[in-house]
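Data first, discussion second: the structure below is written as structure tokens.
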Number of protein chains: 2
Amino acid sequence: MNGEVLDLPKEVHLCDMRGMLSFTILWLLSKRSMYGQELATEIGKRRGGKPNPGTIYPALKDLASHGLIEARVEGRNSVYRLTKEGAMSLTKSKEYFERAFGDILLESGPKSMAK
Amino acid sequence: MNGEVLDLPKEVHLCDMRGMLSFTILWLLSKRSMYGQELATEIGKRRGGKPNPGTIYPALKDLASHGLIEARVEGRNSVYRLTKEGAMSLTKSKEYFERAFGDILLESGPKSMAK
DNA sequence: ATAGATATATCGGACGCCCAACATTTTTAT
DNA sequence: ATAAAAATGTTGGGCGTCCGATATATCTAT
């Protein structure tokens, strides 16, 4: 089902190079709860293009089915929040991400990354 | 089997989160020329597991077919080097990568990323 | 109340990445 | 000379991401 990769626990299923969208969603939700279109807009700022519904909603559904996020319906919105499991998964994913790409980003210079 | 890559001109599918392997290969080759198994080993250090032949060789073939890298056969090795086009593609990819993920890595703290 | 905007959701097809397994060629060791 | 090791390469299947198209439900104008 998931591609099993790397040396990470099997339940942390976002740690190959294909899981960047899910990783980004978890990270954004660790900042604040959002509904689907808010997430799409935030991702759009980073990527340079807002992902289509066919991209974002299946990803949310998948994360929810794995218990990493939870939805709470509010009118026409489904507001997602990070679960405790999602937070743990994010921590491990960040460690992997940092090891894999940290020096690549660092060489660009933290000054160019400064807010 | 292995179609388009991360060329990343704006009209094409800029902002794709699927091109991380090719991106990593280009970045490694910008440091020094390497042959396939050297690349696989370097990627393994970052990811935590050495990619299989079925992962690395098709990726190299695809990058070469797009003119982003070039092979020079040396005995039993095929040594790859970055082309001028590959260098330009890498520059654009790095800009995208930094915008998409810079702040995520920054919050972990550059000290934890220091060599 | 009707129309428009907003948000959610699914489908089909494509692509990039991933592995395990198998196969071939070249170098090195015995 | 023969075997082992190293490097390259292919095949087959699966999965996550991506888009465009389509559909439905809910708020917000008018």
Side-chain angles (χ1 to χ4, degrees), chain A residues 1-8 10 12-26 34-44 46-66 68-69 71-80 93 96 100, chain B residues 1-8 11-26 34-44 46-66 68 71-80 93 100:
Chain A
M1 184 176 332
N2 220 332
E4 305 309 335
V5 182
L6 309 177
D7 55 350
L8 289 157
K10 295 185 194 293
V12 182
H13 67 107
L14 332 143
C15 290
D16 59 28
M17 293 180 176
R18 289 173 295 180
M20 300 304 286
L21 175 63
S22 297
F23 171 70
T24 305
I25 290 172
L26 291 187
M34 291 184 234
Y35 57 92
Q37 286 305 308
E38 278 182 307
L39 284 164
T41 299
E42 282 299 319
I43 291 167
R46 296 166 174 277
R47 294 197 338 186
K50 194 172 175 177
N52 284 6
T55 298
I56 192 77
Y57 291 112
L60 289 171
K61 186 178 181 180
D62 185 57
L63 287 169
S65 78
H66 285 84
L68 304 183
I69 63 177
R72 180 182 81 249
V73 176
E74 283 186 4
R76 78 178 138 186
N77 300 333
S78 281
V79 179
Y80 289 91
S93 296
Y96 160 68
Chain B
M1 206 67 79
N2 233 329
E4 307 306 318
V5 206
L6 67 151
D7 272 326
L8 299 186
E11 308 79 44
V12 194
H13 57 271
L14 172 65
C15 308
D16 198 319
M17 291 177 177
R18 290 174 295 182
M20 300 304 286
L21 176 62
S22 296
F23 172 70
T24 305
I25 291 172
L26 291 187
M34 293 185 232
Y35 57 91
Q37 286 305 308
E38 279 182 307
L39 284 164
T41 299
E42 283 299 318
I43 291 167
R46 297 166 174 277
R47 292 198 337 189
K50 193 172 177 177
N52 285 5
T55 298
I56 194 75
Y57 291 112
L60 289 171
K61 185 179 182 180
D62 186 56
L63 286 169
S65 77
H66 284 84
L68 304 182
R72 181 182 80 248
V73 175
E74 283 186 4
R76 78 177 139 188
N77 299 333
S78 280
V79 179
Y80 289 91
S93 296

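The sequence lines fix the lettering, A, B, ..., with proteins before strands; numbering per chain opens at 1. Keep in mind it's a predicted model, so treat the numbers as computed, not measured.
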If you compare every side-chain N and O of A:Ser22 against the phosphate oxygens of D:dG16 (OP1, OP2), does one of them come in below 4.0 Å? no

Please determine whether a side-chain nitrogen or oxygen atom of B:Arg18 lies at a distance below 4.0 Å from atom OP1 or OP2 of C:dC18. no

Would you kindly give the CD1-to-P distance between A:Ile56 and D:dG16, to the nearest whole Å? 15 Å

Options C:dT10, D:dT8, D:dC18, nucleotide nearest the side-chain atoms of A:Leu21: D:dC18

How many Å lie between CG on B:Asp62 and P on D:dT8, as a whole number? 17 Å

Quick check against the 3.5 Å criterion: does B:Glu38 have a side-chain atom that pairs as donor or acceptor with the backbone of B:Tyr35? yes

Report the distance from atom CD of B:Glu38 to atom P of D:dA6, rounded to the nearest whole Å. 14 Å

Output the rounded distance in Å from CE (A:Met20) to P (C:dC18). 12 Å

Distances under 3.5 Å between nitrogen or oxygen atoms of protein and nucleotides 20-30 of chain D:
residue: D:dG20; atom: OP2; partner: A:Asn52; partner atom: ND2; Å: 3.1
residue: D:dG20; atom: N7; partner: A:Asn52; partner atom: ND2; Å: 3.3

Return the set of residues passing side chain to side chain donor-acceptor pair (under 3.5 Å) with B:Arg76 (not counting sequence neighbours), or none when no residue passes. none

With a 4.0 Å cutoff (strictly under), does any side-chain N or O of A:Lys50 reach OP1 or OP2 of D:dC19? no

Figure out the CG/C1' separation between A:Leu60 and D:dG16, and round it to whole Å. 14 Å

Give the minimum heavy-atom separation between A:Pro58 and A:Pro53, together with the two atoms involved. CD-O, 3.5 Å

From OH of A:Tyr96 over to P of C:dC17, roughly how many Å is that when rounded to an integer? 12 Å

Are there over 12 heavy-atom neighbours, none belonging to B:Lys50, within less than 6.0 Å of that residue's NZ? yes

By side-chain contact (heavy atoms from CB on, under 4.5 Å), A:Ala100 pairs with (sequence neighbours left out) A:Tyr96, B:Arg46

State which of D:dC18, C:dC18, D:dT10 makes the closest approach to the side chain of B:Met17. D:dC18

Rounded to the nearest 0.5 Å, what separates atom CD1 in A:Ile25 from atom CE in A:Met20? 12.0 Å

Apply side chain to side chain donor-acceptor pair (under 3.5 Å) to B:Tyr57 and list each qualifying residue two or more places apart in sequence or on a separate chain. B:Gln37

Taking atom C1' of C:dA5 as reference, at what distance in whole Å does atom CG of A:Asn77 sit? 13 Å

B:Tyr57 OH to C:dA20 P, in whole Å, measures 16 Å

